Colleague: 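The following block contains the structure, expressed as structure tokens.
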Amino acid sequence: MTHSIVFGGSKGLGRVLARQLAGRGDAVSVVSRSEPPQAERAEGASYFQADIADAQATRAALDAAIQKNGAPSYLIFCQRYRGKEDAWAGEIDVSLTASKRVVEYLQDKFAVDGDCGIAFVSSVFGDRIGEGQDISYHIGKAGMGHMARFYAVNLGRKGIRANTVTPFTFLKEESKSFYLNNKELLGLYEEIIPLGRMATSEDSANVVAFLCSPAAAFVNGQNIYVDGGLSLVWPETLARKLKSI
Ligand SMILES: NC(=O)c1ccc[n+]([C@@H]2O[C@H](COP(=O)([O-])OP(=O)(O)OC[C@H]3O[C@@H](n4cnc5c(N)ncnc54)[C@H](OP(=O)(O)O)[C@@H]3O)[C@@H](O)[C@H]2O)c1
């Protein structure tokens with residue numbers, strides 16, 4: 001059975017992804033700091049508690065996941081730093097240092113047969129500069145994208161692909177009511193996004209699931225934007241539209 005490990009699969013996008021992967025028949029191991037309540041779990045998935053920044057706890061969680069579900073085929077990084085301490089140190093640690101440590105620990109433990117891959121969930125702020133997120137988030141996400149490209153080249157011979165998914169702000173269970181009750185903001189997104197709607201966590205989960213499947217067996221080192229085409233619109237065009245000039 002295909003074993004998929006999802007860091008940050010207990011909430012938001014990661015939870016939707018864990019449900020999708022379990023639904024298609026994967027053995028899913030979710031690693032997060034807290035264990036989600038039963039009602040929020042993906043049916044059939046296994047849950048392991050570890051802060052990815054804690055090397056020892058993470059290794060123990062990965063060992064337990066492999067013992068339970070076998071060698072992994074897919075490794076997905078959906079975690080994001082939510083700590084209250086120094087944002088720079090926390091973001092770099094949780095997004096980059098810890099992800100690198102996990103890849104190095106698992107790189108010779110992947111399944112020997114069949115398709116294998118790693119997916120990093122980044123953000124448009126990994127490529128663009130925007131409001132609402134500080135420098136640490138921008139740099140952490142930019143680093144994730146280049147980490148994927150580095151591993152795509154260097155782990156290819158081991159049969160491990162690496163790719164990035166880059167979502168723009170999406171509706172998730174936890175944030176849905178905020179956006180749906182904020183008609184002005186929702187209307188703005190509908191106006192500026194070429195597809196005329198906000199994204200959902202399912203939109204990004206679908207792309208991660210595709211990249212972590214044999215259907216993407218020759219896709220390596222790529223970054224797929226899930227932004228409804230917004231990043232293609234020239235900023236001046238957007239500004240003129242909003243100002244009606
Ligand atoms: N939300 C958006 O609109 C948006 C837009 C673009 C990109 N993204 C990216 O998409 C990904 C998912 O976003 P989201 O909004 O769905 O995130 P989220 O709801 O905050 O979920 C984050 C997940 O990561 C886990 N996590 C956090 N810190 C961790 C740590 N130190 N060790 C292990 N697990 C940890 C959380 O569980 P615990 O808290 O229990 O640890 C949770 O399962 C993130 O990488 C985010 O940057 C989000």
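It should be emphasised that the depicted structure is a prediction, and the values quoted were computed from it without experimental measurement. Order of listing sets the numbers, starting from 1, for every ligand and every atom in it.
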Colleague: More than 12 heavy atoms of other residues, nucleotides or ligands under 6.0 Å from CZ of Phe150: is that the case?
Modeller: no
Colleague: Looking at Ile135, I want to see if its CD1 is surrounded by more than 12 non-hydrogen atoms of other residues, nucleotides or ligands under 6.0 Å.
Modeller: no
Colleague: May I ask you to establish whether Arg41 and Tyr47 are in a cation-pi arrangement, using a distance under 6.0 Å from NZ or CZ to the six-membered ring centre and at most 45° from the ring axis?
Modeller: yes
Colleague: For Tyr81 together with Tyr137, are the ring centres under 6.0 Å from each other?
Modeller: no
Colleague: Any side-chain donor-acceptor pair under 3.5 Å between Asn69 and Ser29?
Modeller: yes
Colleague: As a test of reading the model: which N/O atoms of the protein lie under 3.5 Å from N/O atoms of ligand 1, and at what distance?
Modeller:
residue, atom, partner, partner atom, Å
ligand 1, 3 (O), Phe170, N, 3.0
ligand 1, 15 (O), Lys172, NZ, 2.7
ligand 1, 16 (O), Leu13, N, 2.8
ligand 1, 19 (O), Lys172, NZ, 2.8
ligand 1, 20 (O), Arg82, NE, 2.8
ligand 1, 20 (O), Arg82, NH2, 2.9
ligand 1, 28 (N), Arg33, NE, 3.4
ligand 1, 28 (N), Arg80, O, 3.2
ligand 1, 31 (N), Asp51, OD1, 2.8
ligand 1, 32 (N), Ile52, N, 2.9
ligand 1, 37 (O), Ser10, OG, 3.2
ligand 1, 39 (O), Lys11, NZ, 2.7
ligand 1, 39 (O), Arg33, NH2, 2.8
ligand 1, 40 (O), Ser34, N, 2.9
ligand 1, 40 (O), Ser34, OG, 2.5
ligand 1, 41 (O), Arg33, N, 2.8
ligand 1, 41 (O), Arg33, NE, 2.7
ligand 1, 43 (O), Gly8, O, 3.3
ligand 1, 43 (O), Ser10, N, 3.3
ligand 1, 43 (O), Ser10, OG, 2.7
ligand 1, 43 (O), Lys11, N, 3.3
ligand 1, 45 (O), Cys78, O, 3.4
ligand 1, 45 (O), Gln79, O, 3.3
ligand 1, 45 (O), Lys141, NZ, 2.8
ligand 1, 47 (O), Tyr137, OH, 2.6
ligand 1, 47 (O), Lys141, NZ, 3.0

Colleague: For residues 98-120, pull every pair meeting salt bridge (Lys or Arg N to Asp or Glu O under 4.0 Å), keeping only residues two or more places apart or in separate chains.
Modeller: Lys100-Glu104, Asp108-Lys158, Asp115-Arg161
